[in-house]
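Data block below; observations after.
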Amino acid sequence: MIRQLITIAVPLLAPVGLYLIYAWHTRRKRETAEDDPFSWREIPWIWLLVFSTALLAATMVATTFIGRTSTDAVYEAPRFEKGKRIPGRFVK
């Protein structure tokens, strides 16, 4: 569940979150509500979705190459030896 959150939700929501933080900071800095260019209607939703999708694709491509094991590796299940827990791993 946490892996799905990191690989899907974060790349989709990070650009929107960063933009909203930037908009909040700029609005707070100006202290005027008139002619607010950062209203909800002015947010470039299409560009945010495009960049979020591109970031998601880059994340998914990166996760396929990071942490790969060879195809002849065999998974060794986690176990206890002498009262200590040994985590699961791939053994060649």
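Below, each value reflects all heavy atoms present in this structure, side chains not excepted, and no hydrogens, waters or symmetry copies.
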Under a single-linkage rule joining Ile, Leu, Val, Met, Phe, Trp and Tyr whose side-chain heavy atoms are separated by less than 4.5 Å, which residues share a cluster with [X]?
| X | result |
| --- | --- |
| Phe80 | none |
| Leu12 | Ile8, Leu56, Met60 |
| Trp47 | Phe51 |
| Val61 | Phe65 |

I need the minimum non-hydrogen distance between [X] and [Y], along with the two atoms involved.
| X | Y | result |
| --- | --- | --- |
| Pro78 | Tyr75 | CD-OH, 3.5 Å |
| Leu49 | Thr53 | O-OG1, 2.8 Å |
| Ile6 | Pro11 | O-CD, 3.2 Å |
| Pro15 | Leu48 | O-CD2, 3.8 Å |

Practice problem: Check the surroundings of atom CZ in Arg3: do more than 12 heavy atoms from other residues, nucleotides or ligands lie under 6.0 Å from it? | Solution: no
With a cut-off of 3.5 Å and sequence neighbours excluded, list every side-chain donor-acceptor pair involving residues 83-92.
{"unit_1": "Arg89", "atom_1": "NE", "unit_2": "Glu76", "atom_2": "OE2", "d": "3.3"}
{"unit_1": "Arg89", "atom_1": "NH2", "unit_2": "Glu76", "atom_2": "OE2", "d": "3.4"}

